[in-house]
Amino acid sequence: MANEQFGPLAALIGTWEGDQGVNISYDYDKKEVIEEPYRETAVFNVVGDVDNGRQKIWVIDYTTAAKRKGQDDVFHTELGYWGWDPDRGEVMRCFMVPRMSTILAGGKCAADATSFSMNAKIGQDDWGVLSNPYLIENAKTIEYKLDCTIEGDTWTYAENCIMEMTATGGIVEHKDSNTLKRVK
């Protein structure tokens with residue numbers, strides 16, 4: 001199977017590591033937004049093509065795990081799928097985190113794009129956000145944004161989960177960014 005069928009996602013296939021991560025999030029103990037460095041490993045594998053009637057999506061699956069710098073314990077994991085619909089010119093990402101929150105984000109781009117963006121909003125029929133009842137009551141993600149650039153063996157991303165936080169009485173932007181290198 002030729003990787004070019006995966007459009008802009010073909011460049012993600014492989015294993016990536018990066019230690020330039022920055023997590024900006026609300027810390028419940030400190031009762032403030034903090035910034036902390038992290039390192040992460042992400043693995044992308046070919047699933048292949050998936051047919052939805054006439055729609056064909058080229059799919060890769062992935063897992064990622066992040067550790068705070070200087071620590072061995074994983075503080076964040078994700079698993080999910082990235083997809084490319086060549087007929088519609090859409091990239092998409094569906095993933096879940098252990099807090100029992102799921103995001104299906106998407107966006108338009110060209111097959112040969114090296115940069116693309118995706119987004120999702122709560123309450124939409126497409127490109128949406130779902131969370132467990134506790135999160136909806138206390139830290140509801142209302143919007144998700146992702147910007148990616150893949151150039152050769154370097155992948156850079158910036159993502160933002162915009163949340164309504166009971167603890168702050170307002171909006172908090174939980175931002176993560178990293179630059180990773182392909183290691184295999």
Side-chain angles (χ1 to χ4, degrees), residues 3 6 8-30 33-48 50 58-84 91-107 114-120 127-132 134-135 138-141 143-163 165 172-184:
N3 284 348
F6 292 87
L9 303 180
L12 281 175
I13 298 166
T15 301
W16 300 80
E17 292 180 354
D19 63 358
Q20 304 302 307
V22 177
N23 174 44
I24 300 171
S25 62
Y26 183 78
D27 184 300
Y28 283 92
D29 293 332
K30 294 180 180 178
V33 174
I34 62 163
E35 184 174 311
E36 59 187 347
Y38 67 91
R39 64 189 196 282
E40 107 187 84
T41 300
V43 179
F44 294 86
N45 298 299
V46 170
V47 172
V50 175
W58 293 91
V59 178
I60 55 179
D61 67 16
Y62 84 102
T63 58
T64 190
K67 298 177 181 180
R68 291 177 179 91
K69 282 200 176 172
Q71 296 183 14
D72 291 329
D73 294 337
V74 172
F75 80 95
H76 179 81
T77 62
E78 294 175 10
L79 57 93
Y81 299 96
W82 293 57
W84 168 244
V91 288
M92 47 197 105
R93 177 181 180 199
C94 181
F95 67 99
M96 179 178 226
V97 295
R99 291 179 195 86
M100 299 301 125
S101 182
T102 301
I103 295 176
L104 173 58
T114 57
S115 294
F116 52 86
S117 299
M118 297 183 209
N119 63 30
W127 313 140
V129 177
L130 290 174
S131 297
N132 76 61
Y134 175 86
L135 286 177
N138 294 284
K140 177 170 51 175
T141 298
E143 187 172 1
Y144 170 82
K145 300 176 183 181
L146 171 70
D147 294 313
C148 288
T149 300
I150 310 155
E151 295 175 326
D153 290 332
T154 302
W155 168 39
T156 302
Y157 71 84
E159 63 184 357
N160 187 0
C161 288
I162 301 166
M163 304 184 318
M165 302 265 321
V172 172
E173 295 188 36
H174 180 150
K175 297 180 179 182
D176 292 304
S177 60
N178 204 350
T179 298
L180 298 93
K181 300 289 184 186
R182 186 189 323 271
V183 295
K184 65 178 182 174

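In this chain, numbering begins with 1 at the start of the sequence shown. Owing to the predicted nature of the structure, the values given are computational and were not obtained by experimental measurement.
- The main-chain N or O of R68 is found under 3.5 Å from a side-chain atom of R39 such that the two form a donor-acceptor pair.
- Applying the side-chain contact (heavy atoms from CB on, under 4.5 Å) test between M96 and each of L130, T102, I103, T77 identifies T102 as the sole match.
- Taken from CH2 in W16 to NZ in K181, the straight-line distance is 9.0 Å, to the nearest 0.5 Å.
- For P8 against V91, the heavy-atom pair with the smallest separation is CG-CG1, 3.5 Å.
- Contact between N138 and Y28 at its shortest, heavy atoms only, is O-OH, 4.4 Å.
- Residue-environment remark: NZ (K69) exceeds the threshold of 12 foreign heavy atoms within 6.0 Å.
- Closest of all the heavy-atom pairs between L104 and C94 is CD1-CB, 3.8 Å.
- Side-chain atoms of R93 do not come within 3.5 Å of backbone N or O of G80 as any donor-acceptor pair.
- Applying the 6.0 Å contact sphere to OH of Y81 captures no more than 12 heavy atoms from other residues, nucleotides or ligands.
- Less than 6.0 angstrom separates the ring centroid of W58 from the ring centroid of F6.
- Summarising the geometry of L146 relative to E159, their closest heavy-atom pair is CD1-CB, 3.9 Å, with the distance given to 0.1 Å.
- Here the rule is side-chain contact (heavy atoms from CB on, under 4.5 Å) with L135, and of R99, M163, K140 only R99 fits it.
- For residues 8-25, there are no salt bridge (Lys or Arg N to Asp or Glu O under 4.0 Å) pairs, not counting sequence neighbours.
- Residues E40 and T64 have side chains that bring a donor and an acceptor to within less than 3.5 angstrom of each other.
- In this view, D61 satisfies the salt bridge (charged side-chain N to carboxylate O under 4.0 Å, His left out) rule with no residue, not counting sequence neighbours.
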key: Test side chain to side chain contact (heavy atoms under 4.5 Å, CB included) applied to D176 and H174, step by step   = CA-CA 7 Å; D176 292 304; H174 180 150; 3.3 Å; yes

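- In this structure, I60 and V46 approach most closely via the heavy-atom pair CG2-CA, 4.1 Å.
- In this structure, Y144 has its ring center under 6.0 Å from that of F95.
- In terms of the ring-ring contact (aromatic ring centres under 6.0 Å, His included) criterion, residue partners of Y157 (sequence neighbours excluded) are, by chain and number, W155.
- The shortest distance between side-chain heavy atoms of L12 and Y62 does not fall below 4.5 Å.
- Of all non-hydrogen atoms in W127 and A105, the two that sit nearest each other are CE3-C, 3.5 Å.
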